[in-house]
Number of protein chains: 2
Amino acid sequence: MKTARNTIAKTKIQELIILSPIALSHSEIHKYLEGLCDRVTIYRVLDRLLEEGVIHKIVDVDGVIKYAGCHSCSTEHSHNHIHFSCQKCMSVTCLENVEPSFKLPKNYKVSEMNFTLSGLCPQCS
Amino acid sequence: MKTARNTIAKTKIQELIILSPIALSHSEIHKYLEGLCDRVTIYRVLDRLLEEGVIHKIVDVDGVIKYAGCHSCSTEHSHNHIHFSCQKCMSVTCLENVEPSFKLPKNYKVSEMNFTLSGLCPQCS
DNA sequence: ATTACATTTGCAACATTGTTGCATTAATAA
DNA sequence: TTATTAATGCAACAATGTTGCAAATGTAAT
Ligand SMILES: [Mn+2]
Ligand SMILES: [Mn+2]
Ligand SMILES: [Zn+2]
Ligand SMILES: [Zn+2]
């Protein structure tokens with residue numbers, strides 16, 4: 001079997017994302033790490049953290065992919081919540097408690113959803 | 001004042017998007033046009049069509065940006081509808097009639113939304 | 001039809017983002 | 001401490017998107 005290893009890069013990246021109040025992009029993580037590891041390593045660590053279910057991926061309104069820690073998915077791993085992207089401070093926040101409702105036409109089978117609102121966050125409005 | 005011109009490239013791209021039943025990405029449009037114009041021209045034409053309100057932009061679940069014609073926004077220009085991204089045939093469809101409802105915490109001011117579901121479309125399920 | 005001119009285009013050059021192969025490094029278990 | 005193999009660094013590459021500038025082209029006036 002394949003046994004995961006706790007490397008410095010992985011530990012630091014995980015810590016960074018989990019402790020951050022907002023979702024982070026690859027380039028933001030790269031900046032924060034200040035050369036601790038290679039660009040490519042970050043991509044690979046992010047893939048591993050996603051697989052392990054430690055973090056989840058968010059597609060921002062402009063298509064930029066951001067990563068946020070999983071807080072409320074200890075039992076089951078679902079992220080059917082809304083994300084809010086602030087146009088002023090550029091932060092992306094998980095609104096864990098907000099679940100949208102909608103009525104889909106027949107014969108559509110949903111497996112994932114990505115719902116991002118943009119506008120002004122409480123700090124900026 | 002700046003007067004828009006109807007060039008061959010613009011006409012063809014607009015036609016392509018409007019007539020398509022699914023949203024198209026830049027690279028898909030590029031393929032369809034078969035060298036009718038440069039890559040860069042497509043980017044610039046898309047920008048113009050967006051500004052003119054002829055098409056709208058959709059961010060797919062994987063962050064790929066797609067373009068779809070505006071059908072039901074003759075009076076006002078809003079796209080608060082759901083988009084469906086099929087994991088099998090990779091099509092992105094506008095579900096113009098499906099509007100999600102949700103209850104946002106106070107002090108969030110929404111100006112735009114991007115709501116994309118992924119799964120299987122009627123044809124593929 | 002010809003001219004004038006601003007818009008649009010093509011091309012080159014560049015930046016950013018993401019992926020892959022491979023030799024080297026380093027975490028973990030024996 | 002040593003053996004094993006996961007993880008990293010680096011180079012090379014592909015895909016996507018942006019910008020500057022000269023050339024081409026659409027449109028309106030003559
Ligand atoms: Mn989230
Ligand atoms: Mn749409
Ligand atoms: Zn803000
Ligand atoms: Zn399908």
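Every chain is numbered from 1, with letters handed out A, B, ... down the list of sequences.
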Novice: Rounded off to whole Å, could you give me the CD-to-P distance for the B:Q14 and C:dT8 pair?
Specialist: 13 Å

Novice: Would you name the heavy atoms of B:F84 and B:S118 that are closest together and state the gap between them?
Specialist: CZ-C, 4.2 Å

Novice: Any Lys/Arg nitrogen of A:E28 or A:K31 sitting under 4.0 Å from an Asp/Glu carboxylate oxygen of the other?
Specialist: no

Novice: Is there a donor N/O on one and an acceptor N/O on the other, under 3.5 Å, for the side chain of A:R44 and the base of C:dG18?
Specialist: no

Novice: Determine whether a donor-acceptor pair (one donor, one acceptor, N or O, separation below 3.5 Å) exists between the side chain of B:R5 and the base of C:dA6.
Specialist: yes

Novice: Can you tell me how far P of D:dT19 sits from CG of B:D47, to the nearest Å?
Specialist: 10 Å

Novice: Between the main-chain N or O of B:V59 and the side-chain N or O of B:H83, is there a donor-acceptor pair closer than 3.5 Å?
Specialist: no

Novice: What nucleotide, of C:dG10, D:dG26, C:dT7, holds the atom closest to the side chain of B:K2?
Specialist: C:dT7

Novice: Base, sugar-phosphate alone, or nothing: which one does A:V40 contact when heavy atoms must sit under 4.0 Å apart?
Specialist: base

Novice: Rounding to a whole Å, what distance do you find between A:H30:NE2 and C:dA15:P?
Specialist: 15 Å

Novice: Let me know the distance between OH of B:Y43 and C1' of C:dT9, rounded to the nearest Å.
Specialist: 16 Å

Novice: Whether B:K12 and B:E15 form a salt bridge (side-chain N of Lys/Arg under 4.0 Å from carboxylate O of Asp/Glu) is what I want to check.
Specialist: yes

Novice: Taking only side-chain N and O atoms of B:S27, does any of them lie within less than 4.0 angstrom of OP1 or OP2 on D:dA15?
Specialist: no

Novice: Can you figure out which of D:dG26, C:dT8, C:dG10 approaches the side chain of B:R48 most closely?
Specialist: C:dT8

Novice: C:dT8, OP1 or OP2 - any side-chain N/O from B:T41 closer than 4.0 Å?
Specialist: no

Novice: Round to a whole Å and report the spacing from CG of A:L33 to C1' of D:dG9.
Specialist: 15 Å

Novice: Would you kindly give the CG-to-P distance between A:L46 and D:dA7, to the nearest whole Å?
Specialist: 14 Å

Novice: Rounded to whole angstrom units, what separation is found between the CG atom of B:D62 and the C1' atom of C:dT17?
Specialist: 14 Å

Novice: With DNA chain D as reference, determine whether B:G63 or A:D38 sits nearer its 5' end, using the nearest nucleotide of each.
Specialist: A:D38

Novice: Classify the side chain of A:R39 and the base of D:dG9 as holding, or not holding, a donor-acceptor pair under 3.5 Å.
Specialist: no

Novice: Grab the CG-P distance between B:N6 and D:dA24 for me, whole Å please.
Specialist: 22 Å

Novice: Using a strict threshold of under 4.0 Å (side-chain N to carboxylate O), is an ion pair present between A:E52 and A:K10?
Specialist: yes

Novice: Reading DNA chain C from 5' onward, which residue's closest nucleotide shows up sooner: A:T3 or B:T3?
Specialist: B:T3

